[in-house]
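Here is the naming used below: chain letters follow the sequence lines, and residue numbers restart at 1 for every chain.
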Amino acid sequence: MLTLYQIRNNTEEIIKKLSVRNKDFSEPVYEAIKIDDERREIKGKSDLILAESNKLAKSIGQLFKEGKQAEANQAKEKAISLKEEVKKLARKLNETENKLLQVLSEIPNIPNELVPEGKSDTDNEEIRNGGIIPKLNKKVPHWELADKYDLIDFELGNKITGAGFPVYKGKGAKLQRALINFFLEEAEKAGFTEIMPPLVINEDSGFGTGQLPDKEGQMYQITEDKLFLIPTAEVPLTNIYRNVILKAEDFPIKLTAYSSCFRREAGSYGKDVRGLNRLHQFDKVEIVQIQHPDKSYETLDEMVAYVELLVQKLELPYRIVRLCGGDLGFTSALTYDFEVYSAGQGKWLEVSSVSNFESFQANRLKLRFKETGEKQTKLAHTLNGSALALPRIVAALLENNYTENGIKIPEVLQKFTKFDFIN
RNA sequence: GGAGAGAUGGCAGAGUGGUCGAAUGCGGCGGUCUUGAAAACCGUUGUACCGAAAGGUACCGGGGGUUCGAAUCCCUCUCUCUCCGCCA
């Protein structure tokens, strides 16, 4: 959520910058300012009456003590009429505030200057690539390899739960565990503190990171307890700092967590859902940083470099793209996506998304900090990235490393898998 | 799941209807003293909103109610503790 301060002080500039998202946001922006004007006026009036009513209440106490019953009763009547007015205003204030919140939550984050114009993912800007696309004798998609070597049983998942809940078996399961351990160990080496968060979150947390109120259809819900299965560890991780006031010297805060992620993926049926390409439950190691506003873009670059190192270590051909305005997520100011080439399918698969949210999430989270020696609080910047999501990495590893003799495990993983070949 | 107790500022802890945004202690910050430090002493120390400012308003776990007036009374939810039951 943008702050009213941002919107009121840079109105024209914000509208211009938002237009990079391929949509005109001048209407909600002006609407927000209009509603805020109303809100201020009502608040002013209401405070004035409350002040009078408070004064009156105190005087009534005094009058009773002095035994001036008649005067006290007169004052009481006046107080009652004031109270009615306040009640009306309070209701109006509440309505106005809700309306404001609604309009504000329709306005996405302001794209950074680096965000290229564009409508869809085809307009994303490739900034770097690396690795070598393997020349395979035979292109085999991972779902066939998974079946051939009995690594993943999709049918069994259907039986136990439903589509999109695969069952990993034998070396397939071990490969999962190896990747998780590899990613966590790398994150630890890079200075991230490992967290093991709850996989279930409440409404406040969902609101804090922006899943609620509008994206609730993407989460699995436990309606009886008003809880949700996490779509990513970003949610519990970032919400650790909900309603927290940090000191400037606390920065940067670097957290990592492995978690299962649960996504309903409503509305994405039939598109790229084969095998591991799109699942309802998958595993991911997430990295989160909370940083001083002056340093968040430095940190974003650092996180991109970190994820790049991971895919390099896994010897996967990759490219990094800067998302264009049309493809940029609602809450993000700048996002880099990582894609790896999965040679069996002949496709680029998105395996990581690294974003700077600036103060957009922090505003909702009420995640603030104080500059040393200053009393005033400011919003912190939050960033996160996948480092990495497992299924598509597994898909690419299986497909790219497939030879007639079996599937070769990258060297960095062998320490964790305790085997170097799947055959 | 059942019975009971509780939730107050960074922490500890007082306050059971009127000048309480809240005593006191500890901690933090500033100062005096000191070559420096400690001790002692003095001062200061929550968040948000409205306002150009003066100042005002709201907040004592969340939400609602009673009252002229609520940290204090009532309802409800959440959480914590003790006991019982169940249990990895």
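For B/A48, one of the phosphate oxygens OP1 or OP2 lies less than 4.0 angstrom from a side-chain nitrogen or oxygen of A/T377.
Pairs engaging residues 288-297 of chain A under the side chain to side chain donor-acceptor pair (under 3.5 Å) rule: A/N112-A/Y297, A/Q289-A/E302, A/Q291-A/T299, A/H292-A/E371, A/S296-A/N356, A/S296-A/H381, A/Y297-A/E358 [sequence neighbours left out].
Interface residues of residues 78-87 of chain A facing RNA chain B, ordered by number: A/A79, A/I80, A/K83; criterion, heavy-atom separation under 4.0 Å.
Nearest to the side-chain atoms of A/I245 among the listed nucleotides B/U47, B/C49, B/A58 stands B/U47. Nearest nucleotide to the A/A57 side chain, out of B/C68, B/U57, B/U47: B/C68. In this structure, the nucleotide among B/C49, B/A58, B/C68 sitting nearest to the side chain of A/I60 is B/C68. In the set B/G46, B/C49, B/G18, the nucleotide with an atom closest to the side chain of A/K375 is B/G46. Residue A/K76 has its side chain nearest to B/C68 when only B/C68, B/G56, B/G51 are considered.
Pairing for B/U24 goes to B/A12, judged as Watson-Crick or G-U wobble with the two contacts each under 3.5 Å. Nucleotide B/A38 has no partner under the Watson-Crick or G-U criteria, as no pair reaches both atom distances under 3.5 Å.
Both tests hold for A/K171 against A/F419: distance to the six-membered ring centre under 6.0 Å, angle to the ring axis within 45°. A cation-pi geometry, defined here as NZ or CZ lying under 6.0 Å from the six-membered ring centre and within 45° of its normal, does not hold between A/R263 and A/F282.
Side-chain N/O atoms of A/Y402 and A/K148 include a donor and acceptor closer than 3.5 Å.
Formation of a donor-acceptor pair under 3.5 Å by the A/R322 side chain with backbone atoms of A/Y336 is not found in this model.
For A/K370 and A/L4, each mapped to the nucleotide of RNA chain B holding its nearest heavy atom, the one lying further toward the 5' end belongs to A/K370.
Remark: A/L50 pairs with A/S46, A/D47, A/V86 by the side chain to side chain contact (heavy atoms under 4.5 Å, CB included) rule, at least two apart or across chains.
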